[in-house]
There are 2 protein chains.
Amino acid sequence: MPQHSPLDLAEGDPFGPHNLPYGVFTTAAEPQRRRIGVRYGAYVLDVHALAEATGSAHAAVLSGPTLNPLLAAGRPVWKAVRAELIGAFTDPALRGTVEPLLTPLADVALHLPFEVADYVDFYASEHHATTVGQIFRPNADALTPNWKHLPIGYHGRAGTIVVSGTPVIRPTGQRKAPTDAAPVFGPSQRLDIEAEVGFVVGTPSELGQPVPLTAFADHVFGACLLNDWSARDIQAWEYVPLGPFLGKSFATSVSAWITPLDALTHAQTPPPERDVPLLPYLDDSDAAEPGGLDIHIEVALNGHVISRPPFSAMYWTAAQQLAHMTINGASLRTGDLFASGTVSGPSAEERGCLLELTWAGRDLIELPTGKRTFLEDGDEVTLTAWAPGPDGVRVGLGEVTGRITGK
Amino acid sequence: MPQHSPLDLAEGDPFGPHNLPYGVFTTAAEPQRRRIGVRYGAYVLDVHALAEATGSAHAAVLSGPTLNPLLAAGRPVWKAVRAELIGAFTDPALRGTVEPLLTPLADVALHLPFEVADYVDFYASEHHATTVGQIFRPNADALTPNWKHLPIGYHGRAGTIVVSGTPVIRPTGQRKAPTDAAPVFGPSQRLDIEAEVGFVVGTPSELGQPVPLTAFADHVFGACLLNDWSARDIQAWEYVPLGPFLGKSFATSVSAWITPLDALTHAQTPPPERDVPLLPYLDDSDAAEPGGLDIHIEVALNGHVISRPPFSAMYWTAAQQLAHMTINGASLRTGDLFASGTVSGPSAEERGCLLELTWAGRDLIELPTGKRTFLEDGDEVTLTAWAPGPDGVRVGLGEVTGRITGK
């Protein structure tokens, strides 16, 4: 019987040559040498070593410790490198070159794959915004008057974005319940998750030059999973009038793998019907490609699935978010990250945060490991996701996981 | 008569050896070679060239195109380099070494002196927050309930921070007056300034480790002037519930010169009396050094002074802002910039933005060049500032200027 090759994947493996997400890894032998890799099955390919071995014209942008040079190289280079990688995994003549450059995932450490420039978080799920509005403002309209006219967003802290697997230290801060006479200080008692999809900007833009809907794929390299950890008690006390700050800035976790946009073409899907006419810069009703993405997220708490948020239900698309973010002339930099905001679907089992799932702590989530409203120390949250690929094969979006550490 | 030397300053020059702010410059002969300089009178000293000439042990952190390596080197190095520079300008034996390394300011271009990591903007003036509250919520309490318990802040866009002199392109976006049936799209009609002081972080901190009030000077390298350009109409429509976004993110201008904290020791002054007891991490009532800074700002519009905001009137100090920003465990990076928010004093002539100065456009500012509510294309705004130095000499904080360009 011939020996099993890592190149031979089980049928339907979500990390086959149709996917090839990018990350940055080190090996135990060389823990300081960060290298760009692509995931193939349960292995990582050393991309720069392959480029050197095959004499690729793009070896230089693949040689660094982060994806930033590749991100900055622009869409034609992204397409060329991806074509070379697909070739490497599908051309029988290259098997002998590729095989020695594969390392089992179990033997590598994965790192933050790119240097984050600015981080923007949106609020693009109508279901999430509506439920949150009902929870916090039961006697008012659930959505603010601006909500269907523009994708609401705000800047978050880029310096505390961490890679999947990084422990999340429970934040300390001020909170004040309506019944408290003065604010109370201590570890957050309402530590929450937000299941999101993030988008990584490659090609920068000029100050003063908005990026139209049609230029989305020229600027955005790919997508990741993102958990925007949130301390609801800190957030509730601080956020009026200038928005979330310390309730969010202590940690934001991203998946170790960035899925190129070109691996998600089969996942394109029309966004929901819009109830309100949009200004031209946001109007995608005549777009050549539908702006939605049919990404299926699973949220697991201590190994038990507690929600399945559907990214296809998002009211605002990533292209609309990018167009809005730049309509005032704000420039993009390589490494900018913008995220969707909590992904929630219409049903109770599709809500992407504990605030919604427990109706602000009123309802318990019952797990074999115990009951929960918000997160307890030692809890581990894992987001995974997939999207439709070619020929019925799934595209895996990796995972983003984090365990809560007490102060 | 002996030739005048650039080393001989007029008495009381605010850029003497007591000041020595840092910047980054290029010369016409070498427009690509960015170099670190300190300002001395109307000249720039090439700091790396001096370090090489004198055999300084710190030449390496002064050799790059930005201040970041110096910022990252930490307070003992900041003090050592400053001592060497003061020596260079005061030791007669070094005159022959220093003089050839001086270039007239008129002959250099100044650049953004450091790579900005995260940018946070506070809202630390009680007078500003009160006036804004009175303008927008005339029937409610002017300050939100949290205002005197914590320094309210939010993250801004780091990628659109520009150096003094960079033209500011009028932003376009959505606005909606209460009387409008739907949002209107176009160039902002309420373009404003915000006169602020910014603080530049040098020494980073660890995730999960708050920076106490007492560690302020270990982490913060120096101060700059900052104009947080604001499109009030865009901001008013977008900012509920997640805070300012496109109304601010199109441009933030900073002075080309960073004044080291050690040049501001004579400017230390007690902050105003606090009306409300503070939680221990913010309580500076027993601080060894007063946290306020007696910085006198002047705001000029087209060359005419329209306001003189006193930084000494700020309710929250920069040390409190830093302590608050990190109390949740958020880490600092070299290059983080945090700003005070609009500096406004108690009187009408001390307000740091046009929103306040014109009571949201109700009152006209009369200038020899015409009447104004908000900024028109071609308008130029310049902030300058000084603080008390040793022996009655002023410390100049340089200037931050910008001219509005139409779309």
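By convention in this document, chain letters (A, B, ...) are assigned in the order of the sequence lines, proteins followed by strands, and residues within each chain are numbered from 1.
- Interface check for chain B: of the options Pro204(A), Gly156(A), Gly173(A), the most heavy-atom pairs under 4.5 Å are formed by Gly156(A).
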- Message: The test is side-chain contact (heavy atoms from CB on, under 4.5 Å); show your working for Gln174(B) and Leu282(A) and say whether it passes.
- Response: CA-CA 11 Å; Gln174(B) 297 193 22; Leu282(A) 292 172; 3.7 Å; yes
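- When each of Arg157(A), Lys248(A), His155(A) is tested with His155(B) by the rule side chain to side chain donor-acceptor pair (under 3.5 Å), just one qualifies, namely Arg157(A).
- In terms of heavy-atom pairs under 4.5 Å with chain B, the best-connected choice from Ala158(A), Pro280(A), Ala117(A) is Ala158(A).
- Leu150(A) has its side chain out of reach of Leu246(B): every pair of non-hydrogen atoms, C-beta onward, lies at least 4.5 Å apart.
- For the side-chain contact (heavy atoms from CB on, under 4.5 Å) test, residues two or more places apart in sequence or in another chain that qualify with Glu206(B) are Gln209(B).
- In terms of heavy-atom pairs under 4.5 Å with chain A, the best-connected choice from Thr160(B), Asp118(B), Leu279(B) is Asp118(B).
- Between atom CG of residue Asp121(B) and atom CG of residue Leu242(A) there is a gap of 8.0 Å, rounded to the nearest 0.5 Å.
- Per-residue heavy-atom pair counts under 4.5 Å with chain B were compared for Tyr154(A), Trp237(A), Tyr123(A), and the maximum is reached by Trp237(A).
- The contact between Leu332(A) and chain B is made by backbone and side chain atoms together, counting heavy-atom distances below 4.5 Å.
- Neither the backbone nor the side chain of Val276(A) comes within less than 4.5 Å of any heavy atom in chain B.
- The side-chain heavy atoms of Ser188(A) and Asn328(B), taken from C-beta on, include no pair separated by under 4.5 Å.
- Contacts of residues 125-146 of chain B with chain A at a heavy-atom distance below 4.5 Å involve Thr144(B), Pro145(B), Asn146(B), listed in sequence order.
- By number of non-hydrogen pairs under 4.5 angstrom with chain A, the leading residue of Pro244(B), Ala251(B), Pro277(B), Ala182(B) is Pro244(B).
- You'll find the ring centres of Tyr281(A) and Phe185(B) inside the 6.0 Å limit.
- Per-residue counts of heavy-atom pairs under 4.5 Å with chain B were compared for Ala231(A), Gly153(A), Ser331(A), Gly247(A); the largest is that of Gly153(A).
- Contact detail for Ser249(B) and Ala330(A): the closest heavy-atom pair is O-CB, 3.6 Å.
- The aromatic rings of Phe122(A) and Phe245(B) sit perpendicular, their planes meeting at an angle over 60°, well past the 30° parallel limit.
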